[in-house]
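Since the structure is predicted, the reported quantities are computational estimates derived from the model, not experimental observations.
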Amino acid sequence: MRWLVGWSSIAASFGTAGAVGARDEGRTMHPVGSQLLWGDPDPLWAVGDWRPDEIRTVRVDTAEGAPTVRLAVLGCCGASDEQLRVGLLAARGGALRHLTAWTGSYTAVVQIGRRITVVGDLAGARPVFYTPWAGGTAYATAALPLADLIEAQLDIGHLAALLACPETPEALRDGTPYEGVKRIPPGHALILREGSREITGYEAVASLAVAAPELDPVSAVDGVRDALVEAVRARLLAPRHAPETLPPDPGPVPGMGPAERRAARGAPVPGIGADLSGGSASATLALLAAGLPGLPGLPGTILGHGTGAGERLLAVTFNDLTTRAHEDELERARVIAANPRLHHVVVAAGEEALPYAELDNGPLTDEPAPSLVLVERHRRRLSAGSADHFVGDGARQVLDAHPARLADLLIDRRRRHLVRPVAALAKAEGPSAHSLFVPLTVYRAARRLARTSYRTGLEAAADLLPDANRLTPGLDTPADASLAALAWSRPGPAARWLTGEALAEVSVRLQEAAIRPTSVQRPGEARARAALARNAADHRILEQAAEVRSQRLHAPFLDNQVVRAARALPESLRVQPGARAAILRRVLAGAGIHDLPAGWGAPSQATSTAVVRTGLRAALPELIALFDAPLLADAGLVEARVVRKALRAASEGEPLPLDGLADLASTELWLRRLVARRGTCWTGTAAPRQRAVAGGVVPARRSLQG
């Protein structure tokens, strides 16, 4: 886990340079395992196993006695030193957007005198957190260290909102699971001046009344192509890294080759690799990374993997032996892997890699996320990957159209563009009497949302939320799911198992948000950004939970420039069936790749319902024991008996929302790991004496509103 942390306060010195010889030893404090990037009066540290090229600092020479002007960029950034210097000068004049225009995924921190600016990203994959502390403000790219710093308790209300409305920012607000630790929204920056703080947006927000001028479809798709190609190239041009010293190879093992033995020891292959699931997103990244040239003159790695001259890119495909649901994707992956620039590795796994497997093995992450129940599955795939590994996470949320965008088209009086998506939903329903009414039903729902104001929509959602635990079980069809998404807010899949008190508190949050002044966006655009933020947050937690030592996961679809280019796509293009596959096909064509397998771009899900249900059935005894005396029940969020009954019913095939059960299980797992945690993120004579969730217990609450 890697993060940065710093603070700004009125005090001129905290003795934070104690690690390098400060005089004020009585107040020395610094994070465990940190390196100081700059010291008092406003120190900044990088914590964790950062690579040398992932930490870059630039300083502008000023006259003697003039304020300090410097910039720190942490992460993968494709900007040159001169571009960083120009961006620093622009930021000194207040143009923060320049700091977000470089390729890659990174966090930028600017210091101009006593003014500190920390810039978050557009998707939310690199968030920024802050908390009041010692007469000033501490900030970090992880919430847990700040919770340790202030010895925070759990925020039960936030956990309730995360389970009840995970894709509704109005319910989550700016909170985190820790009381007193706040998060800045995606597309915003945190500005600190001697302890005081300000949160400002650096991205223009489209008006609700007047549509922004749209690019023509060809230019917009070309923009996505250029941004995605540059995002991949930025990773290829970065210095190569070989894994650290590995455990000794035990020698030949029957049925295991050198690659399998290395993966079993938990170390990635040197060089660059990519997922190759057979889906359009991962295939696009793998083909781009294999086709683009690497850094000129750079020798190949010891195993011959990478993207330089004569090197082959390692493409990893996960094969689930417990189901045949993904045979078409596996076949497409094999056809794509016939490319001579690809070295194909298939990771086969059975019941040991099902969802909910090995729940007891996993690190404590910054926050809970649904991916915690899939960690073993992802870890096996990533262990066979490379030191720098591309993943297609975020492509669906960045390029696809959220169903609520149909309302945006009606606001702009573009009714004819609804014909194809509505017809596709009717076709997905199959030949039935119900499918005949789908087009009219969807059109009415979109028109209703287009005519519903932000305040009215949130108030209606707040009124309906307390009854979410009385919903009739059943699996939604594609049309039903689209109809449910045509709203300003909707309950999450876990809401049906929350207590009435928990739902009531989240309802109050929505009612308060409805009357709070805010810059209202169009409903489709607002819901799409919320879905992207949810996906980016889950990707960040997955990186922490399935982390393989010496490996970096790269998700170019979540980069600022790719997100920005995708937002320029016309809504009329987004809503068309197969739009994502068509866009990515155009991206590959621009890179000279035209021959794609039959069925490429067919819709797919990473984990099918059948696989999840099989994993649930196999892990049922462990899950029942997990919810025998759950901490969620102690916090007043669920009733243990109700959850155990739902787990048994789902394992027997009853049509229940499996995503909701995954949310409950992952949150309970996270709580138990947090309570069992020992130690703190800070050291020194002034370090906090207790860790986050002081005392190690979850506070029991009869009433969440009390």
Kindly indicate whether the side chain of Leu382, heavy atoms from C-beta on, has any atom under 4.5 Å from the side chain of Arg377.
no
CG on Leu288 to CG on Leu588, rounded to 0.5 Å
5.5 Å
His554 vs His389, test: side chain to side chain contact (heavy atoms under 4.5 Å, CB included). Steps then yes/no.
CA-CA 6 Å; His554 300 283; His389 198 75; 5.8 Å; no
Between the side chains of Arg564 and Thr100, does any donor sit under 3.5 Å from an acceptor?
yes
In Å, rounded to the nearest 0.5 Å, how long is the span from CD of Glu367 to CG of Asp538?
11.0 Å
Short question: side chain of Arg613, backbone of Ala650 - any donor-acceptor pair under 3.5 Å?
yes
Kindly say whether Gln83 contributes a backbone atom to a donor-acceptor pair with the side chain of Ser80 at under 3.5 angstrom?
yes
Taken to the nearest 0.5 Å, the spacing of Gln561 CD from Glu230 CD works out to 9.5 Å
Can a donor-acceptor pair be found, under 3.5 Å and without considering hydrogens, that links the side chain of Arg549 to the backbone of Glu547?
no
Between the side chain of Arg534 and the main-chain N/O of Glu167, is any donor-acceptor distance below 3.5 Å?
no
Does any N or O in the side chain of Ser651 come within less than 3.5 Å of the main-chain N or O of Arg648, such that one atom is a donor and the other an acceptor?
yes
Donor-acceptor pair, distance only, cut-off 3.5 Å: does the side chain of Asp366 make one with the backbone of Leu144?
yes
Test item: Glu352 side-chain N/O and Gly350 main-chain N/O as donor-acceptor pair under 3.5 Å
yes
Does the side chain of Thr103 reach to within under 4.5 Å of the side chain of Asp559, using non-hydrogen atoms?
no
Should Arg574 and Asp400 count as an ion pair when the cut-off is N to O under 4.0 Å?
no
Considering only heavy atoms from C-beta outward, does the side chain of Leu37 approach that of Leu74 to under 4.5 Å?
yes
Determine the minimum heavy-atom distance between Ala387 and Arg51, stating which atoms define it.
O-NH2, 3.2 Å
For the backbone of Leu122 and the side chain of Asn560, can you confirm whether one donor and one acceptor N or O come within less than 3.5 Å of each other?
yes
How long is the span from the CG atom in Leu236 to the CZ atom in Arg240, to the nearest 0.5 Å?
7.0 Å
Hey, does Leu584 have a side-chain heavy atom less than 4.5 Å from the side chain of Leu399?
yes
Salt bridge or not between Glu54 and Arg552? Use side-chain N to carboxylate O under 4.0 Å.
yes
Using modelled atom types only, decide if a donor and an acceptor are shared between the side chain of Ser386 and the backbone of Asp388 within a distance under 3.5 Å.
no
Does any part of the side chain of Val612, heavy atoms only, come nearer than 4.5 Å to the side chain of Val373, both counted from C-beta?
no
Decide yes or no for Arg2 and Val47: does some side-chain heavy atom of the first lie under 4.5 Å from some side-chain heavy atom of the second?
no
Can you tell me if Thr322 and Asp320 form a side-chain donor-acceptor pair at under 3.5 Å?
yes
Supply the atom-to-atom distance Ser282 OG to Asp393 CG, rounded to the nearest 0.5 angstrom.
10.0 Å
Going by heavy atoms in the side chains, are Phe390 and Pro556 under 4.5 Å from each other?
yes
Taking NZ, NE, NH1 and NH2 as the nitrogens, is one of them in Arg379 or Glu376 under 4.0 Å from a carboxylate oxygen of the other?
yes
Side chains of Val391 and His539: does their closest heavy-atom pair fall under 4.5 Å?
yes
Around Glu351, counting heavy atoms of other residues, nucleotides and ligands shown, do more than 12 lie under 6.0 Å from its CD?
no
CG-CG distance between Leu364 and Leu372, expressed to the nearest 0.5 angstrom
9.5 Å
Is there a donor-acceptor pair under 3.5 Å between the side chain of Trp670 and the backbone N or O of Thr365?
yes
Donor + acceptor pair across side chains of Thr141, Arg126 (<3.5 Å):
no
Using distance alone, with no hydrogens and no angle criterion, decide if Thr317 and His344 have a side-chain donor and acceptor under 3.5 Å apart.
yes
